[in-house]
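Data block below; observations after.
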2 protein chains.
Amino acid sequence: MAPLARPTYAVIAKTAGVSEATVSRVLNGDESVHPDRAQRVREAVEELGYKKNRVASALASGRTGLIAVVIDDDLSVFSDPFWGTVTSGVSRVLQENGLHTVLMVAPVGALDGGVAHYLKSGEVDGAIFFVLHSDALVSYLKKQGLPLVITGTPHSNADIPFVDTDNFGGAHSATKHLMGQGCKKIAIITGDIGTTAAKQRLDGYLQAHREKGNLPIKSLIREGDYSFESGKAHTEALLASHPDIDGIFASNDLMAMGAITVLERAGRSVPNDVRVVGFDDALIAQTSRPALTTIRQDVVALGEAAGSLMIAQLNGQEFEPIILPTELIIRESA
Amino acid sequence: MAPLARPTYAVIAKTAGVSEATVSRVLNGDESVHPDRAQRVREAVEELGYKKNRVASALASGRTGLIAVVIDDDLSVFSDPFWGTVTSGVSRVLQENGLHTVLMVAPVGALDGGVAHYLKSGEVDGAIFFVLHSDALVSYLKKQGLPLVITGTPHSNADIPFVDTDNFGGAHSATKHLMGQGCKKIAIITGDIGTTAAKQRLDGYLQAHREKGNLPIKSLIREGDYSFESGKAHTEALLASHPDIDGIFASNDLMAMGAITVLERAGRSVPNDVRVVGFDDALIAQTSRPALTTIRQDVVALGEAAGSLMIAQLNGQEFEPIILPTELIIRESA
DNA sequence: ACTACCCGCGAAACCGCTTTCACGGATTCA
DNA sequence: TGAATCCGTGAAAGCGGTTTCGCGGGTAGT
């Protein structure tokens, strides 16, 4: 499938009156070529509309120009606009740097199958993981020397470059906000506690209490799974066990919506009786009634940061983990 | 970056006692090799844990094993869970067939820039477009012989394989449903009418009226842009010009939500005073109050269909456009 | 003025797989 | 039995870049 007959080095070299080696040097930014000849090459390239064949280049150089983005094959993950947005940010940054994004939707369990092999065998120059749970494969690839970036905080403390939102700080300020509004009994509905993000958000919530000198009762801490349904279920349970509850911090907006649905159905007014804060600032936070007070994370920036971190690694530059700040968005629910 | 020293054909050939040509034949399913030798090759492959170098293979054969997915670089498009879900469906199907998905987020305007070149220059074996507006590039690539699939209905009637939801049928049944509920004055808030999907949904709405023998007044037809805000704005306008309106069909759920928000704020009860139907069955349709009656489209299936259509083309099989059925989901709003 | 170095540049090997071509032997047909 | 055909197979020529190696001329050092 070679739609167009494209010129090769041979042609460029001939019209520029130099050798193919020189063409290669010029096209790869080798400074050692005499300016005049370099110029002749550039003109030939321009004139003939030459574009490098990336495949041939990849074979010879060992660099494919491809970066894998590995996403858990859990629909609830990718159908979440969150990851879609992150991915588009990544893709844009990479594209600006002449790299392409290869999307890999893989079931977490199969990470030692085809995808793992693909990554291990040097057919991509690097990999960006959207990782929620285990990162065994990640550590393995790290050892192989494959440039990696993790979006989210890794579990293992192997020094793998990562980008993440300041989950702790966000949760902390959400909880403080509820306290500042006069809430005395604040529950938290966490995400899947197997994920570091959920843990960090819980820590932020705890820290806010600690600073106030009163740790929350254990039964105010409920482990959800980021779904609307789990938000509803845990709120029902909370209302049953703690009828005097007056604040809920949900670890994402969807669960916050579930909480509000149940609260209103139970005759509690939000925010008058119970105040609710979510996390993410997803679309629904704006469209819901009451509009949701929440912690905004800059998802596009997250993707771009991941892309930049990858570029930095490939260029052998210095880099360190990037933690993006969050912002409390006050709307109607708290 | 070659993490592992991998065996090559040379090694396989030697241990199997055959030539490299034979190894290639076996690995590419050429039937003409004697079963015994083929077996020896397979054993050698197994024993050495050999995996083909896709790059070298691509250079020699001209097939890269890469399929581009081109998405409009409009954040509101990709952050819409819709496209994320479609993409994951595509990716899964391709992966099952040994192909990989290269994500290309490109501004529509730049389609004759880098991305266009990339596609034109045979560095992917095919391209799947998520196309909303112009499809000039698509027609061009089609002429170049690049296998294409369009997700959504193309504007030009060049016979490009596409997959789409039955927008017409869905809109038709939504409108019929409103009529069946006793609505006499039904407005429609369309999507950007430059998109075929929006046009088809409008047609479905019109057809339902036509069948009933009474075409709607022109001023009941409002062109929105799929955003929450536009749903709100058009509903306000409708209430002003047609206070007796009793039904609204919004071309997506987000605009339907906007409509409901405005209606309730204006003291109209949904569904008692005004019934509202959306389109998509997005997450918000389930979480909103009142829960949204809407037209469900199977987004995952859409992605998988797109992937399958691509595979079919690459295999030179017969294929034709795929139109996926919709389903009316009755909840509370109508 | 002579040796030692450095520098820009081309020839050629090479990356790992695919594919054409032709050869030797077996089979078929007359 | 001889000529024509067919088959499985290996040698070798690519695919289109990258990179090593070494050459010839120019500069520097003494």
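In this text the structure is predicted, and so the values were computed from the model without any measurement. Protein chains get the first letters and strands the later ones, always in sequence-line order, with residue 1 at the start of each. Worth knowing before you read on, the calculation uses all heavy atoms, side chains too, and leaves out hydrogens, waters and symmetry mates.
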Applying a 4.0 Å non-hydrogen cut-off, can you work out what B:Val55 is touching in the nucleic acid: base, sugar-phosphate, or nothing? nothing
Between B:Leu119 and B:Val70, is any pair of side-chain heavy atoms under 4.5 Å apart? yes
5'-most contact on DNA chain D (nearest-nucleotide basis), B:Ala21 vs B:Ala60, goes to B:Ala21
I want to check one thing: is the phosphate of D:dG17, taken as OP1 and OP2, less than 4.0 Å away from some side-chain N or O of A:Tyr50? yes
Ion pair check, A:Glu123 and B:Arg6, cut-off under 4.0 Å: yes
How long is the line joining CG of A:Leu27 and P of D:dT18, in whole Å? 7 Å
Within the pair B:Asn53 and C:dC15, is there a side-chain N or O less than 4.0 Å away from OP1 or OP2? no
From CG of B:Asp30 across to C1' of C:dT19 the rounded distance in Å is 11 Å
OP1 or OP2 of C:dT18 versus the side-chain N and O atoms of B:Ser61: is any pair under 4.0 Å? no
Residue met sooner reading DNA chain C from 5', once A:Glu20 and A:His34 are mapped to nucleotides: A:His34
Any donor-acceptor pair, under 3.5 Å, between the side chain of A:Arg37 and the base of C:dG10, if you only look at N and O atoms? no
Do any side-chain nitrogens or oxygens of B:Thr22 fall under 4.0 Å of OP1 or OP2 in D:dG10? yes
Specify the separation, in whole Å, of atom CD of B:Glu31 and atom P of D:dT9. 13 Å
With a non-hydrogen cut-off below 4.0 angstrom, is A:Val23 in contact with a base, only sugar-phosphate, or nothing? nothing
Would you mind telling me which residue lines up with the more 5' stretch of DNA chain D, B:Ala56 or B:Ser32, judged by nearest nucleotide? B:Ser32
Using atom NZ of A:Lys51 as one end and atom P of D:dG17 as the other, report the distance to the nearest whole Å. 13 Å
Tell me whether A:Asn53 contacts the main-chain N or O of A:Val55 through its side chain, where contact means a donor paired with an acceptor under 3.5 Å. yes
Looking only at atom types and distance, does a side-chain atom of A:Asp30 sit under 3.5 Å from a main-chain N or O of A:Val26, one as donor and one as acceptor? no
Using whole Å, what does the distance between atom C1' of nucleotide C:dC15 and atom CZ of A:Arg54 come to? 18 Å
On the nucleotide C:dT18, are OP1 or OP2 found under 4.0 Å from the side-chain N or O atoms that B:Ser57 carries? yes
Does B:Ser19 make a side-chain N or O approach to OP1 or OP2 of D:dT9 shorter than 4.0 Å? no
Tell me: OH of B:Tyr9 to C1' of C:dC14, nearest whole Å? 18 Å
Say whether, by atom type as modelled, one donor and one acceptor occur between the side chain of A:Ser61 and the main chain of A:Ser57 under 3.5 angstrom. yes
Heavy atoms of A:Leu59 and B:Ala56 approach each other most closely as CD1-CB, 3.6 Å
Taking N and O atoms by type only, does the side chain of A:Arg63 place a donor or acceptor under 3.5 Å from a partner on the base of D:dG17? no
Could you tell me the separation between the CZ atom of B:Arg25 and the P atom of D:dT9, rounded to a whole number of Å? 8 Å
Starting at atom CG of B:Leu59, determine the distance to atom P of C:dT18, rounded to an integer number of angstrom. 11 Å
